Every structure is written in C-alpha cells, then in structure tokens.
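Before any comments, here is the structure.
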Amino acid sequence: MPLVLTVKEHGSLKIAACDERALSLGLVVGMTLADARACVPALRVEAADEAADMRLIKTLALVCEMFTPLVALDLPAGLMLDVTGCAHLFGGEEGLCERVKRLSTRRGVKVKMTLASTPDTARSLCRFGSGMIVLSGMERQAVHPLPVAALQAGSQTTLALSRAGLKTIGDIAARPSQVLSARFGQPVVERLRRILGEEDIRITPLRLPPSCIAERQFAEPIGEMDSILSVLEGLSREVCALLERRGLGLRMVEAGFFRSDGGVRRLPIEMARSARDPGAVLRLLKLKMETLGDSLDPGFGFDLVRLSVLCAEPFAQMQKSLDGRQEDETAVAALVDRLVARQGADKVLRCIAHESHDPRLAARFVPVGSNAVSAKWPEPEKAAPPARPLTLFEPPQAIEAIAEVPDGAPVRFRWRRVLHVVTQAEGPERIAAEWWHDQKARPTRDYYRVEDSDGRRFWLFREGLYEREEGERRWFLHGLFA
Amino acid sequence: MPEPTTRLRGRSLFVSGAGQDSIVRASTLVRPTFADSEKQANRAGVLGALFRPGLHEAYAAPADHAALVGFGLGVLRSLRSGPLLWVRHTFLESETGGLYPPGLRAFGFDPASLILVRAGNPRDLLQAGLEAARCKALAGALLELNGTAPIYDLAASRRLMLAARTNELRLLFLRSAVTPVPSAAETRWQVRPLASRALPANAPGFPVLEARLLRSKSGAEPSNFVLEWNPDAGKFEERGHGASAGSAEAHTDKDIGAAPLSGSVVSLPVHRQAAPGRQRRTG
C-alpha cells in the first residue's frame with residue numbers, strides 16, 4: 001500500500017512526504033489528504049514526525065563525519081560535505097560517492113549525490129538535476145539546463161522570471177547581470193553567481209573542525225577491545241606528537257568509532273589543563289568506556305577509529321619546583337579529569353563570585369572546565385559571626401512567622417510543619433533589588449539571622465516593606481547557618 | 001586493628017601556631033601539665049589527633065544537617081590547606097539547600113579552592129570519594145549523603161579507608177537521616193548545634209556545636225566536644241578557649257575545667273536557654 005506522511009496546515013491535513021509508490025500514482029507533496037484519498041483510496045497515512053526526521057539527519061551527518069570533518073546540515077533533507085582534499089583517502093571521487101551510497105543504503109536511506117566545486121552548484125544540481133560528479137570547470141555547462149526554480153529565489157521571483165520568458169539557468173546566465181539586478185534585485189544575481197561556481201562561499205559545518213585529527217582506517221573491521229585500545233594508544237601518541245610540533249597541548253579530545261554498518265560512537269574527554277601525555281589520554285578514554293552502560297558495542301566491527309582534538313591550548317612546559325606545588329596542581333588537574341570523565345562535565349563544578357549585593361546573584365557554580373572568570377571574593381569579617389549561611393535554598397522556602405511588631409524580628413516561625421522558637425535574632429539587613437531591575441517584581445527583603453531554642457541558626461527574610469511597597473508581607477527561610 | 005592498650009592518656013599533643021594552616025604535631029612521652037591553657041591546647045590537640053588521615057564519619061539528625069556541614073568544613077579546613085573536594089548528593093539541594101559560596105567564605109574558607117561534585121546517587125558519590133582518596137594533593141574530601149545507602153557497607157568503607165590512609169588524606173563522610181552502620185571508619189561522630197553565646201542586642205553569636213565521639217579505632221573513649229567557631233583562628237575551638245570579646249553573658253571556663261583531660265568524658269554542661277521544645281527534631 002502506498003504510504004504518505006501528513007502534517008496539519010491551516011486546519012487541513014497535507015501530504016508532507018510520500019513514498020515511491022505514492023509518487024508513481026501521481027501524489028505530490030503539498031496535496032491535501034482529501035484530494036490524495038480521492039485519487040488513491042487505498043492509502044496508508046501516518047503523521048509526519050519532524051523531530052524524528054531531524055534526529056535521523058543528524059545521525060547521518062555524524063556518520064558522514066568519517067569522510068570529512070566539515071559536514072553541514074542542508075535542511076530539510078540534505079547534507080553538505082566539504083570533501084576538499086579528502087577524496088583520495090577513499091579511492092578518488094567515485095570511490096567516495098560509492099562509500100557514501102553504501103553506508104546510507106545500510107541505514108535504509110536512499111540518497112542522491114552530486115559532487116561539484118562549490119556548495120551551491122552541488123545543491124542545485126542535486127535538487128533539480130540528476131546525481132552526478134561534475135568535473136572542475138564544467139559547472140556552467142552542468143547547471144545551464146536546470147530550471148529557474150533551481151535559483152531558489154522564492155516562488156514570486158521564480159514566477160516573475162518564467163513570465164519574463166526565462167526558463168532555465170542558462171537563459172538567465174545569458175543576460176547581463178546589471179539588467180537582472182535592476183529587474184529582479186541583487187540577490188538573484190548573487191544566487192546565480194554562486195550556482196555557476198563564480199563565487200565560492202564555504203559551508204558552516206555542524207561542528208567546529210577539530211584542530212588536528214589522527215585516524216586509522218581498516219581493511220577489515222576490527223572489534224576486539226585489545227586491538228581497539230592499541231589503535232587508540234597509537235592515535236593518541238600521533239596526536240600528541242602533532243601538537244608538540246605546534247607547541248600546543250590538548251584540552252578536549254574526542255574519539256570517534258565508525259561502525260561498518262553506519263553507526264557512530266563518540267567519546268569526548270576533557271582535560272582540566274592543557275596536556276600532552278598520550279598515557280593520560282588513553283587512561284581517560286578507558287575510564288569513559290567503563291562508564292558506558294552497554295560498552296562500546298562494535299557490532300560487526302569498526303571501519304575507522306579517529307581521535308580528533310576539539311580544543312587545543314598553548315602548552316606551558318613545566319619545571320618542577322622545589323616545594324612540589326606544581327606537582328600538586330597537576331595531581332588535582334588529573335583528579336578533575338577523571339571525575340569529569342566518569343561523572344560528566346556538568347557534575348564537576350567550581351564556584352565563581354559575582355559582584356552583586358543580591359545574595360541570590362553573589363555566586364554561582366559553573367562546570368570546572370568553563371572559562372568563566374570569578375570576581376574577587378569578599379574578605380570575611382573577622383570579629384563577627386558568619387553573616388551568610390552555609391547553604392541557601394533556591395527558591396526560598398515559605399514559612400509562617402510571627403513578629404512582635406510588624407517590622408521587627410520574628411519570635412516564632414513554622415518551617416516544614418515544625419515550630420521554632422526564636423531565642424536570638426539579629427537584623428534586619430535590608431537588601432533591595434538592584435535599581436535597574438523591576439522593583440515590583442522583586443520587593444525589598446529584610447534579612448534576619450536567628451537562632452532557635454535548639455541552637456539551630458537560620459537566615460530568614462520578610463519580603464516587602466510596610467507602607468512603602470505594595471503587596472503582601474511574607475516570610476521566607478533562605479538559608480541555614482552552621 | 002585498634003590496639004586496646006593505646007589510649008590517648010599519656011600522650012600530649014602540641015598545637016604549633018593557631019593559624020588556619022596550623023600543623024598538629026604529636027609527640028609522645030610528654031606528661032601533660034595541668035595549667036588551664038595547656039589543658040585546652042591539649043584538648044584541641046586531641047581533636048586534631050583523632051582526625052588522622054583516613055576515613056571519618058559524622059552523623060546528624062536531618063534538621064541538624066547545616067551544623068554537620070559546618071563541622072566537616074571546619075575540621076578539614078583547620079588541618080590542612082589546599083583544594084577541597086566536596087561530593088554532594090543532589091537530593092540535599094532540596095533538603096538543606098545548595099552550598100552557598102559566600103557563606104563558605106564567611107566561614108573562613110576560600111571558595112576558589114573548592115571542587116564540587118554533584119552525585120545523583122550513592123554509587124557515584126562513593127566513586128568520586130574513592131577517586132578523591134587517591135589524590136594526595138587535596139586538603140581533604142567531604143562526602144555528603146542524605147538517607148540510607150546499602151551500597152556503603154563494610155567493604156566499601158574499607159576501600160575508602162585504605163585509599164585515604166595510603167595517600168595521607170582525610171576523608172570525611174557526612175551523613176544525615178540515617179542510623180550509623182558498621183564501617184571501617186577511624187572515628188564516628190554525632191553532631192548537633194548548640195545555642196551560641198549571644199552578642200550584644202541578643203544577636204546570635206559564633207556557631208557552637210556539640211561533637212560527640214561515638215567510636216574511635218585508636219581506642220579513644222567516647223567523649224563530648226563543645227566546639228565554638230573562632231573567626232580569628234579560622235577554626236573550631238573548644239568552648240571557652242578563645243572567648244569572644246562581645247560575650248553578653250559572663251562566661252566561666254568552669255565547664256572546660258571540670259572536664260577530665262582525656263579518656264572518659266562526661267557530657268559538658270553548656271550555657272543554653274532552657275526551652276521546652278529542645279528535644280524536638282524537624283523533619
């Protein structure tokens with residue numbers, strides 16, 4: 001049964017995609033479902049899942065990273081690969097196309113490919129022509145027969161062009177560009193130049209190209225852990241040697257494992273400081289592999305193993321100091337690396353100060369690898385008890401409190417259904433919102449440091465000022481002191 | 001194995017300097033003298049000596065968790081300087097609030113030397129603790145866990161203990177909302193906050209805690225320490241040692257003087273307001 005995918009548009013279901021059989025029966029994308037049913041009564045209809053499409057194309061993009069590090073999405077259903085200087089690794093351009101085709105067939109995706117000198121030429125040839133390899137210098141000839149729609153200048157411009165009697169790219173290219181730009185606008189001329197290969201703009205890859213790469217391709221897929229590890233060891237040595245020549249050290253490395261059936265596994269690791277030790281890289285990779293629940297799962301084996309340095313930084317040669325401080329720092333950095341590899345980069349944090357009198361904004365935790373800069377921490381007051389609590393509730397916890405006078409310190413409060421009797425209190429410390437913030441959204445807070453009859457110390461505040469600010473006066477518990 | 005004959009009695013411990021990075025040095029075979037100040041120095045030294053490199057446990061009721069945090073931070077801080085690894089169970093964020101760096105700063109700790117690990121489950125927590133125990137360069141590591149953790153058994157604690165002791169590192173395991181289970185820890189403490197000595201205008205004074213030594217492998221008998229935060233020294237000291245200037249109540253050193261030097265110590269009387277709800281615990 002022919003299959004179509006539908007999407008709801010302006011209250012009616014329209015066809016978003018159809019399979020080969022549906023196409024052969026005359027159904028097209030954009031048709032309403034009712035029309036399609038009228039043409040072909042026996043129709044299998046499913047709802048289109050854009051998120052799943054996006055996932056698929058992103059996965060394919062990752063798979064294609066085995067051919068080149070520069071892969072860009074070309075939505076809705078395309079990938080753009082910059083294979084400059086890569087083709088010879090796969091047996092020339094024909095070999096490369098063959099490999100891409102084989103990989104995508106294995107993933108159950110039918111593809112059409114064009115290889116040309118510039119991205120725009122390739123795109124229009126692929127979308128509006130037949131898949132092919134355009135030899136360098138032959139772009140003009142190849143694109144001339146394409147319809148004007150290949151310009152992708154919008155439906156109105158396309159219509160205007162065809163009304164003017166210009167049916168193909170060749171027709172447009174034969175006109176002087178001044179006339180075209182005067183009649184249809186500068187963008188049309190620009191698009192034309194790009195399609196003709198006269199102007200070459202580079203693609204914006206999905207991910208930043210790594211600063212260096214070492215990889216191994218295998219004639220026969222490998223799957224044994226020992227051989228994978230020894231390959232990784234060789235690769236990390238290669239990468240470190242490459243970086244050494246440039247005077248750099250690595251901060252972020254990613255190991256990519258490309259399975260022969262088109263699966264990709266990527267293991268990123270981070271170093272707390274610029275490093276050039278192949279042993280450390282290997283250790284962290286091993287740690288990372290251990291944390292994977294289902295191991296690396298080579299399936300039928302890996303075709304290609306790659307180590308890419310995503311982030312490199314200048315590497316300072318270290319001289320061992322006499323007090324061993326340098327070694328300590330290195331040891332802590334190594335510990336952080338291990339923790340990040342095992343727990344995840346978002347779980348290992350350091351704190352940075354922010355210059356703000358608002359207690360909520362005064363500090364925050366950032367991943368240990370982040371390059372956020374901390375302000376100076378305020379000096380603690382020597383002769384006074386800690387003015388700020390050890391732990392802070394965010395958001396503050398609502399409490400019921402009773403004060404002797406409306407704007408005085410609380411004498412009793414109830415938090416988490418337990419009544420606390422205040423025996424000692426200090427305050428208020430009045431903290432207003434910063435003036436550039438909306439005063440109504442953030443009323444002034446009167447903070448009190450209190451101690452209850454059990455010796456527990458709390459940081460409470462009353463929101464809002466009596467008679468000067470609108471809204472209800474409410475009490476909150478914000479933090480706990482030791 | 002603890003040697004039953006080894007008691008803290010008959011060992012004197014000197015505290016060199018009183019700064020944040022003071023080194024606690026133990027010298028044996030010096031009989032203690034009974035001058036008041038020395039007694040207190042000895043007691044402080046006892047506390048330092050109890051925290052030998054290795055694994056230590058401190059327990060508290062859930063409502064007293066903040067006191068537990070203060071105790072752990074204060075103890076580790078006073079024994080060695082350097083970066084501190086803090087592994088927190090994420091559940092604590094909602095239970096006792098997130099760590100607040102300005103508060104740590106006010107407590108005399110430099111937040112820049114803190115590495116915080118948020119562990120989602122006890123397994124990750126112990127894993128991070130074990131990694132920390134293998135790193136000699138740390139000042140120490142604090143593990144903080146709320147609730148029971150069957151994964152933390154005798155074997156797990158022994159692993160932590162051995163790693164920490166081999167690397168001369170102090171690992172402090174802070175636990176609340178749980179009853180102590182058998183473990184290989186060097187010492188086990190029970191911590192609760194005590195009423196502070198009010199400052200003028202009835203303002204809450206310096207934090208005061210009671211740390212009760214429940215068990216010690218070195219053979220020290222269970223005893224009570226009433227610890228008061230000394231901001232000048234940047235550490236906890238036994239109450240009465242560094243009397244704060246602004247003490248509103250006339251404070252006597254009688255409670256310390258009455259306490260035996262070491263060994264079996266009765267619970268120290270403490271100045272506090274008698275309140276009917278004293279034994280109540282919040283949940």
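Bear in mind the structure is a predicted one, so any value in this text is a computation, not a measurement. Labels below follow one simple rule: chain letters A, B, ... track the order of the sequence lines, proteins then strands, and each chain is numbered from 1.
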Heavy-atom pair count under 4.5 Å with chain A, highest-scoring of [options]:
{"options": "B:Ser94, B:Ala201, B:Gly120", "result": "B:Ser94"}
{"options": "B:Pro231, B:Gly98, B:Gly70", "result": "B:Gly98"}
{"options": "B:Lys136, B:Arg118, B:Arg134", "result": "B:Arg118"}
{"options": "B:Ala119, B:Gly103, B:Ala112", "result": "B:Gly103"}

Closest heavy-atom contact between [X] and [Y]?
{"X": "A:Val332", "Y": "B:Ala137", "answer": "CG2-CB, 3.7 Å"}
{"X": "A:Thr423", "Y": "B:Asn202", "answer": "O-ND2, 2.8 Å"}
{"X": "A:Ala383", "Y": "B:Phe206", "answer": "O-CZ, 3.5 Å"}
{"X": "A:Ala331", "Y": "B:Cys135", "answer": "O-SG, 3.7 Å"}
{"X": "B:Gly205", "Y": "A:Arg449", "answer": "O-NH1, 4.3 Å"}
{"X": "A:Ala425", "Y": "B:Pro204", "answer": "C-CD, 3.6 Å"}

Once you round to the nearest 0.5 Å, how far does [atom1] of [X] lie from [atom2] of [Y]?
{"X": "A:Leu390", "Y": "B:His65", "atom1": "CG", "atom2": "NE2", "answer": "10.0 Å"}
{"X": "A:Phe481", "Y": "B:Trp229", "atom1": "CZ", "atom2": "CH2", "answer": "14.0 Å"}
{"X": "A:Arg360", "Y": "B:Tyr100", "atom1": "CZ", "atom2": "OH", "answer": "10.0 Å"}
{"X": "A:Asp454", "Y": "B:Leu194", "atom1": "CG", "atom2": "CG", "answer": "10.0 Å"}

Derivation of the side chain to side chain contact (heavy atoms under 4.5 Å, CB included) call for B:Leu114 and A:Phe365 = CA-CA 10 Å; B:Leu114 173 72; A:Phe365 284 95; 4.0 Å; yes
Under 4.5 Å from any heavy atom of chain A - which part of [X]:
{"X": "B:Leu73", "value": "side chain"}
{"X": "B:Arg123", "value": "neither"}
{"X": "B:Pro111", "value": "both"}
{"X": "B:Leu92", "value": "neither"}
{"X": "B:Ser113", "value": "neither"}

Would you check, one step at a time, whether the test side chain to side chain contact (heavy atoms under 4.5 Å, CB included) holds for A:Leu339 with B:Leu85?
-> CA-CA 11 Å; A:Leu339 288 171; B:Leu85 190 85; 3.6 Å; yes
Okay, side chain of [X], backbone of [Y]: is any donor-acceptor separation there less than 3.5 Å?
{"X": "A:Thr391", "Y": "B:Thr96", "answer": "yes"}
{"X": "A:Arg457", "Y": "B:Pro207", "answer": "no"}
{"X": "A:Gln424", "Y": "B:Ser196", "answer": "yes"}

Derivation of the side chain to side chain contact (heavy atoms under 4.5 Å, CB included) call for A:Glu379 and B:Arg105 | CA-CA 8 Å; A:Glu379 279 302 311; B:Arg105 183 80 188 125; 3.3 Å; yes
Which residues pass the salt bridge (Lys or Arg N to Asp or Glu O under 4.0 Å) test with A:Glu429, sequence neighbours left out?
->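 Listed in chain order: A:Arg388.
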Considering residues at least two apart in sequence or located in another chain, which fulfil the salt bridge (Lys or Arg N to Asp or Glu O under 4.0 Å) criterion with A:Asp446?
->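 If we apply the salt bridge (Lys or Arg N to Asp or Glu O under 4.0 Å) test to A:Asp446, skipping adjacent residues, the hits are A:Arg430, A:Arg462.
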When you look at CZ of A:Arg266, are more than 12 heavy atoms from neighbouring residues, nucleotides or ligands closer to it than 6.0 Å?
->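 Yes, enclosed.
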Which bit of A:Val450 is near chain B, if near means a heavy-atom gap under 4.5 Å: side chain, backbone, both or neither?
->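 Backbone only.
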Side chain / backbone / both / neither for A:Ala334 at chain B, heavy atoms under 4.5 Å |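 Neither part, no heavy atoms under 4.5 Å.
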Tell me the residues of residues 341-354 of chain A whose non-hydrogen atoms fall below 4.5 Å from those of chain B, in number order.
->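 A:Arg342, A:Gln343, A:Lys347, A:Val348, A:Leu349, A:Arg350, A:Cys351 fall under the 4.5 Å cut-off.
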Contacts with chain B made by residues 392-408 of chain A (heavy-atom distance under 4.5 Å), listed by residue number |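 Within residues 392-408 of chain A, the residues that come under 4.5 Å of chain B (heavy atoms only) are A:Leu392, A:Phe393, A:Gln397.
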How far apart are the C-alpha atoms of A:Arg416 and B:Glu95, what are their side-chain angles, what is the distance that settles it, and do they pass the side chain to side chain contact (heavy atoms under 4.5 Å, CB included) test?
-> CA-CA 11 Å; A:Arg416 288 179 177 168; B:Glu95 198 64 11; 4.2 Å; yes
